[in-house]
Amino acid sequence: MEKTVERREDRSARQVRALVLTALLAAMACAATMAIRVPTPTGGYVNLGDAVVLLGAYLLGPGWGAAAAGVGSALADLLGGYPMYVPATLVIKAVMAALAAGLYRLLGRRGGWTFAVCGAAAEVPMVLGYWLFDALLASFGGRGFSLALAGAAAGIPGNLVQAAFGAAASALLAAALRKSAFVRREFPHL
């Protein structure tokens, strides 16, 4: 009986810890997205959020990492004046984090290059997702979807710059954090 109670307490403590870390990384993703914004010609902006989204995925894993990425990034859109992007960002960033974390776990710890490969692969749904969502928004204005797709392609270069920066920055941060014995102990999957 005593061991059962201890196991329940351990499980409960792990769940609380995961929830707190998820909330912390969601807040960090929101802050990183809003802290420095470099405007793009298409009306959007390049930011630091993807670096935190990917780092959170590596630290928390696919489920909790996706929750932190989606909620934090969507909150940044809501607070930053882009409410129409909240649903798309919630899904796109969650998929991005789940893909990065899942691929990282599949490939295993094979060196710092693994973070770069996983980050680059995870940025593909971001670029494609925002391209399609921008086209969907533009097509509501009376344009045909194919014409809207062509117009929305103007946002792809800015998203590619953000993708490259996010993948590179998160790879460097994750590789540096993995060198810490404390981080390895607290985040054994990193």
Side-chain angles (χ1 to χ4, degrees), residues 21-22 24-62 64-82 85-86 88-105 107 109-135 152-180 183 187 190:
L21 288 172
T22 300
L24 176 66
L25 279 157
M28 289 173 61
C30 179
T33 301
M34 296 180 73
I36 297 174
R37 294 181 181 185
V38 179
T40 62
T42 59
Y45 59 92
V46 176
N47 60 71
L48 304 172
D50 283 5
V52 177
V53 163
L54 293 171
L55 184 62
Y58 302 138
L59 292 172
L60 300 176
W64 292 108
V71 170
S73 300
L75 187 59
D77 279 349
L78 183 64
L79 297 173
Y82 294 87
Y85 281 94
V86 168
T89 296
L90 182 68
V91 172
I92 290 168
K93 298 297 180 168
V95 166
M96 192 175 133
L99 179 61
L103 189 56
Y104 178 70
R105 289 194 176 172
L107 293 176
R109 298 179 207 174
R110 301 197 176 163
W113 65 268
T114 309
F115 294 119
V117 168
C118 295
E123 291 287 1
V124 171
M126 185 274 289
V127 173
L128 293 176
Y130 283 118
W131 175 46
L132 293 173
F133 190 74
D134 283 342
I156 292 175
N159 284 332
L160 286 172
V161 168
Q162 180 166 319
F165 179 78
S170 66
L172 292 172
L173 287 169
L177 286 173
R178 196 165 73 179
K179 292 180 181 181
S180 164
V183 173
F187 298 95
L190 183 63

Shortest non-hydrogen contact from [X] to [Y]?
| X | Y | answer |
| --- | --- | --- |
| A100 | C118 | O-CB, 3.9 Å |
| N47 | A32 | CB-O, 4.3 Å |
| L60 | G65 | CB-N, 3.7 Å |
| V46 | Q162 | CA-OE1, 3.4 Å |
| P125 | V95 | CB-CG1, 4.1 Å |
| A94 | A66 | O-CB, 3.4 Å |

Nearest 0.5 Å, what's the [atom1]-[atom2] distance between [X] and [Y]?
| X | Y | atom1 | atom2 | result |
| --- | --- | --- | --- | --- |
| K93 | L54 | NZ | CG | 8.0 Å |
| L78 | L90 | CG | CG | 11.5 Å |
| L48 | R37 | CG | CZ | 11.5 Å |
| N159 | D134 | CG | CG | 7.5 Å |
| L103 | L107 | CG | CG | 4.5 Å |
| L55 | L190 | CG | CG | 7.5 Å |

With a 4.5 Å heavy-atom cut-off, do L177 and Y58 have their side chains touching? no
Would you say that F165 contacts D50 through its side chain, given a criterion of any heavy-atom pair below 4.5 Å between the two side chains? no
With a 3.5 Å distance limit and no angle check, can you tell me whether E123 reaches the backbone of A164 through a side-chain donor-acceptor pair?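 Not at all, since once roles are kept as given, no pair shorter than 3.5 Å links the two residues.
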Donor-acceptor pair, side chain of S73 and main chain of G70, under 3.5 angstrom: no
Once you measure the plane-to-plane angle for Y130 and Y85, does it fall in the parallel (<30°), tilted (30-60°) or perpendicular (>60°) bin? tilted
T89 vs Y82, side chain to side chain contact (heavy atoms under 4.5 Å, CB included): CA-CA, chis, key distance, verdict: CA-CA 10 Å; T89 296; Y82 294 87; over 6 Å; no
Near L128 CG, under 6.0 Å, is it more than 12 heavy atoms from other residues, nucleotides or ligands?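 Above 12, so yes.
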